[in-house]
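Please read the structure below before turning to the comments.
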Amino acid sequence: MKTSRFHLSTLKETPADAEIVSHQLMLRAGLIRRLASGLYTWLPLGLRVLRRVETIVREEMDNAGALELLMPAVQPAELWQESGRWEQYGPELLRLKDRHQREYCIGPTHEEVITDLFRREVKSYKQLPINLYQIQTKFRDEIRPRFGVMRSREFIMKDAYSFHSDQASLQQTYQLMFETYSRIFDRFGLKYRPVSADSGSIGGNASHEFHVLADSGEDGIAFSAQGEYAANVELAEAKTDQTRSAPGQALNTMDTPDQHSIEQVSEFLSVAPSQTVKTLIVKGENDTLIALVLRGDHELNAIKAAKITGMASPFEMADAEKIKQQLNCDIGSLGPVGLTIPLFVDRSAAVLSDFVCGANQNGKHLTGVNWGRDLAEPEVVDIRNVVDGDPSPDGSGTLQIVRGIEVGHIFQLGEKYSAALNASVLDENGKSIIATMGCYGIGISRVVAAAIEQNNDDAGIIWPASLAPFQLVICPINYHKSEPVQQAANDFYLQCQQQGIDVLLDDRPLRPGAMFSDMELIGIPHRIVFSERGLKAGQCEYKGRCDEQSQDLDLAQLPAFIQQQLQG
RNA sequence: CGGGGUGUAGCGCAGCCUGGUAGCGCAACUGCUUUGGGAGCAGUGGGUCGGGGGUUCGAAUCCCUCCUCCCCGACCA
């Protein structure tokens with residue numbers, strides 16, 4: 001491809017409304033353009049990257065025996081009513097009516113459609129297992145689309161659905177998909193990590209997420225540096241290896257005027273925040289209140305807390321006013337001692353002794369508090385986020401926390417949709433059995449953003465070789481003035497094309513600086529420069545996108561050198 | 001949905017407070033010069049100032065209203 005025939009559309013300035021680096025660079029490099037909130041056009045350059053992602057996914061899914069099909073983006077309401085999700089899904093589901101007033105939605109996912117297809121098509125256990133996938137545009141009417149294609153409303157996803165006559169078969173395909181996903185992400189050339197998205201308490205590996213690692217990632221991933229354990233922070237079990245020591249101090253009431261936060265109180269009383277306890281009041285069922293107690297330096301994990309029986313649904317913090325009215329003190333002075341509402345205590349808070357907490361009286365805190373002596377033995381639960389250095393739940397060393405972007409998710413669905421839509425086959429005894437299902441997604445468009453989020457520098461995008469829109473760019477200096485330069489560039493360009501190299505020739509009449517900056521912005525991995533000066537010495541120049549310095553090459557060794565670079 | 005902000009040329013912004021008929025940089029176009037890290041000079045084109053309504057002799061500017069986009073919302077005891 002020559003730049004003169006390709007719509008390169010780079011921006012020197014960063015668009016004001018793009019917040020994260022991948023979004024900024026995708027706009028600046030001319031990969032995407034915004035049409036409306038959460039809706040983006042993929043420009044030719046961006047589409048080349050998107051296609052590379054798709055191709056890798058497609059090849060590996062095909063290798064794993066999955067079969068590609070394509071389902072409609074628009075789906076009839078009846079199917080969603082049958083699964084019950086027409087009511088459950090809420091405003092994220094974009095609903096519409098046709099001219100006959102029949103109701104439809106634009107699919108955010110395709111479980112209903114695939115299950116409907118399956119029940120019409122597949123009748124016998126002999127046809128199982130089967131794994132069907134598509135690469136398709138989805139729509140979720142996000143409350144707040146942001147970060148460009150990272151969290152857009154319309155997006156491209158690979159979704160696969162497998163059907164089985166028994167759990168063992170599902171397990172087998174699930175394992176195969178896990179390996180396939182690992183191969184896909186290896187081929188992307190991205191740093192990633194599969195994490196279990198299930199606490200593990202239900203047994204089995206019912207769900208895994210694949211995260212591309214990036215400091216700006218929205219999800220926290222906890223993993224054991226020494227062992228296999230890896231889980232989303234939202235779900236990682238928080239353990240403590242401490243045991244409670246015997247009480248050493250007497251219970252004391254201290255005046256703590258205007259000291260509300262843990263930070264203030266611990267500084268005022270000269271104790272570590274980890275020696276204090278915070279008491280959070282949340283809503284319980286039937287308009288009641290429930291108290292949650294955490295160590296002062298820990299954070300509540302709302303997903304875990306929501307699972308406690310008796311919690312209001314959805315999980316919510318109680319209003320300050322109601323707390324004041326019922327407990328007779330402000331939220332900055334709450335404590336577990338003497339509370340008459342149900343009390344759940346995090347494991348780490350339950351092993352404290354001689355700790356500090358609010359006195360349930362404004363302006364006062366208690367010190368030297370001990371479970372079992374000053375108040376009842378606690379009802380112990382796991383309700384906090386894990387932190388760096390926590391013991392790994394599987395006993396293999398300690399946890400580390402990194403940030404990640406969720407780009408893949410594999411899931412054992414079981415019979416949720418097959419039962420609702422009565423998707424059954426006959427087994428070897430002629431008996432009708434409900435199929436059991438798995439589903440496997442990869443956010444194709446999100447992978448592009450995640451790749452940039454992980455790989456960029458001040459100059460722009462740094463594509464891994466497998467995702468780059470072009471592998472190699474030829475930058476001739478004075479292409480339009482110097483015949484030798486034009487000749488050398490054209491010759492090498494043709495030579496690359498004949499070898500099947502995805503090569504870009506920058507034949508725009510630009511000054512070198514402008515040309516180099518553009519090519520670095522769009523992230524082409526390899527660059528060859530031809531100049532009159534170099535050609536006179538029988539040389540050209542090579543620079544890899546991440547190289548500090550360029551290097552001179554003899555023209556004779558150029559083809560072999562490039563061959564080697566592209567393979568490496 | 002609630003709160004805050006924003007909207008002026010393709011992009012980034014000034015002008016608004018204190019009304020007088022729109023400007024800067026980049027980009028684009030033409031010509032000449034230049035050609036190893038986003039060139040210089042000269043010239044050109046491009047804006048219903050988000051929409052509608054109002055106040056006024058006169059509105060980008062003041063008032064009302066609708067809309068857009070962005071940020072915040074659940075990590076506080």
Side-chain angles (χ1 to χ4, degrees), chain A residues 9-20 23-24 27-28 30 33-39 90-91 143-148 218 220 233-234 256 259-266 273 276-283 291-306 314-320 323-324 327 329-336 339 356-360 362 365 383-385 387 458-460 475-482 485 508-521 527 529-535 540-541 543 549-550 552:
Chain A
S9 184
T10 56
L11 304 173
K12 204 184 279 189
E13 287 177 280
T14 303
D17 52 4
E19 220 199 335
I20 58 170
H23 188 195
Q24 293 169 352
L27 291 168
R28 284 227 292 139
R33 289 288 181 260
R34 195 184 74 95
L35 174 65
S37 179
L39 303 176
I143 316 173
R144 231 183 104 196
R146 53 189 147 166
F147 307 146
E218 281 193 275
V233 162
E234 288 181 346
T256 50
Q259 310 297 311
H260 303 296
S261 67
I262 290 292
E263 206 175 296
Q264 290 168 345
V265 171
S266 54
T276 69
V277 133
K278 61 169 105 169
T279 307
L280 282 56
I281 308 297
V282 300
K283 292 183 181 169
L292 303 176
V293 176
L294 292 157
R295 218 170 73 181
D297 57 331
H298 285 151
E299 254 179 33
L300 176 69
N301 179 317
I303 292 170
K304 292 177 180 177
F315 178 83
E316 230 179 320
M317 305 302 287
D319 319 315
I323 295 172
K324 171 121 191 168
L327 303 179
C329 95
D330 285 321
I331 53 179
S333 305
L334 290 168
L339 276 187
V356 173
C357 66
N360 295 319
N362 281 351
H365 278 77
I383 50 169
R384 71 171 171 93
N385 282 335
V387 295
D458 290 345
C475 294
I477 292 170
N478 271 329
Y479 182 83
H480 295 269
K481 293 276 173 65
S482 161
V485 166
R508 298 173 296 177
L510 289 181
R511 299 168 66 86
M515 198 155 49
F516 296 162
S517 298
D518 259 359
M519 293 306 144
E520 281 160 10
L521 174 61
R527 183 183 83 191
V529 176
F530 289 111
S531 67
E532 225 159 37
R533 190 181 73 195
L535 289 174
C540 66
E541 174 195 298
K543 183 171 178 297
Q549 293 261 311
S550 58
D552 293 330

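All values below come from the heavy atoms of this structure, side chains included, with hydrogens, waters and symmetry mates left out.
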How far does the P atom of B:U61 sit from the matching atom of B:U18, given to the nearest Å? 14 Å
Under the side-chain hydrogen bond (donor to acceptor under 3.5 Å, both in side chains) rule, collect the residues that match up with A:S9, sequence neighbours excluded. A:R33
Can a salt bridge be assigned to the pair A:E520 and A:R527 using a cut-off of 4.0 Å between side-chain N and carboxylate O? yes
What residues form a side-chain contact (heavy atoms from CB on, under 4.5 Å) with A:A36, not counting sequence neighbours? A:L39
With A:H365 via ring-ring contact (aromatic ring centres under 6.0 Å, His included) - residues at least two apart: none
For a quick check, tell me whether the side chain of A:R527 and the base of B:G37 share a donor-acceptor pair closer than 3.5 Å. yes
Length of the line joining A:I477:CD1 and B:U34:C1', which is rounded to integer Å: 14 Å
Between A:Y479 (OH) and B:G36 (C1'), how many Å, whole number? 19 Å
Counter-base of B:C24, judged by Watson-Crick or G-U geometry with both distances under 3.5 Å: B:G12
Between protein and nucleotides 66-75 of chain B, what N or O pairs are separated by less than 3.5 Å?
residue, atom, partner, partner atom, Å
B:C71, OP1, A:E19, OE1, 2.9
B:C72, OP2, A:R144, NH1, 3.4
B:C72, OP2, A:R144, NH2, 2.1
B:C75, O2, A:E299, OE1, 2.9
B:C75, O2, A:E299, OE2, 2.9

Of all residues at least two apart in sequence or in a different chain, which pass the side-chain hydrogen bond (donor to acceptor under 3.5 Å, both in side chains) check with A:T10? A:D518
Listed partners of A:D17 passing side-chain contact (heavy atoms from CB on, under 4.5 Å), at least two apart: A:P15
Please state the C1' separation for the pair B:G45 and B:A9 - nearest whole angstrom. 11 Å
With sequence neighbours excluded, what pairs up with A:E263 under the side-chain hydrogen bond (donor to acceptor under 3.5 Å, both in side chains) test? none
Considering just the side-chain nitrogens and oxygens of A:R511, establish if one lies under 4.0 Å of OP1 or OP2 belonging to B:A39. yes
According to the Watson-Crick and G-U wobble definitions, with both distances under 3.5 Å, which nucleotide is paired to B:G31? B:C41
What integer number of Å spans the P atoms of B:U48 and B:U33? 37 Å
Quick one: label A:E520 by what it contacts on the DNA or RNA (base, sugar-phosphate, nothing), any heavy atom closer than 4.0 Å. base
Would you mind pulling out the nucleotide paired to B:A59, Watson-Crick or G-U wobble, both distances under 3.5 Å? none
Atom C1', compared across B:U56 and B:U44: separation rounded to whole Å: 37 Å
Can you check the distance between B:C71 and B:U6, where both ends of the measurement are the P atom (answer in whole Å)? 15 Å
What residues, two or more places apart in sequence or in another chain, satisfy side-chain contact (heavy atoms from CB on, under 4.5 Å) together with A:R146? A:R144, A:R151
Listed pairs under 3.5 Å, donor-acceptor, residues 292-301 of chain A side chains, sequence neighbours left out:
residue, atom, partner, partner atom, Å
A:R295, NE, A:D297, OD1, 2.9
A:R295, NH2, A:D297, OD2, 2.9
A:R295, NH2, A:H298, NE2, 3.4
A:H298, ND1, A:R384, NE, 3.4
A:E299, OE1, A:N385, ND2, 3.1
A:N301, OD1, A:I303, N, 3.0
A:N301, OD1, A:K304, N, 3.0
A:N301, ND2, A:E234, O, 2.9
A:N301, ND2, A:N385, OD1, 2.9

Looking at residues at least two apart in the chain, or sitting in another chain, which of them share a side-chain hydrogen bond (donor to acceptor under 3.5 Å, both in side chains) with A:S266? none
For A:F516 and B:G37, what is the distance between atoms CZ and P respectively, to the nearest whole Å? 8 Å
Contact string for nucleotides 44-52 of chain B, one letter per nucleotide 5' to 3', B = base within protein heavy-atom range under 4.0 Å, S = sugar-phosphate only, - = neither, reads ---------
Assuming nearest nucleotide by heavy-atom distance, tell me which of A:M515 and A:L334 is located more 5' along RNA chain B. A:M515
Does the protein touch nucleotides 23-33 of chain B at the base, only the backbone, or not at all? Give it as B, S and - per nucleotide, heavy atoms under 4.0 Å. --BSS------
On a whole-Å scale, what distance lies between the C1' atoms belonging to B:G47 and B:C66? 23 Å
Indicate yes or no for a side-chain donor-acceptor contact from A:S482 to the backbone of A:V485 under 3.5 Å, with no hydrogens or angles considered. yes
A:Q549 CD to B:G37 C1', in whole Å, measures 13 Å
Taking atom C1' in both B:C49 and B:G15, what distance in whole Å separates the two? 10 Å
Tell me the partner of B:G36, counting only Watson-Crick (N1-N3 plus N6-O4 or O6-N4) or G-U wobble (N1-O2 and O6-N3) with both under 3.5 Å; none if nothing fits. none
Assert: residue with more 5' nearest nucleotide on RNA chain B, out of A:A459 and A:D330, is A:A459
I'd like to know if the side chain of A:N360 reaches the main chain of A:L327, judged simply by a donor and an acceptor atom lying under 3.5 Å from each other, with no hydrogens or angles considered. no
Interatomic distance at P, B:G40 relative to B:U34, whole Å: 15 Å
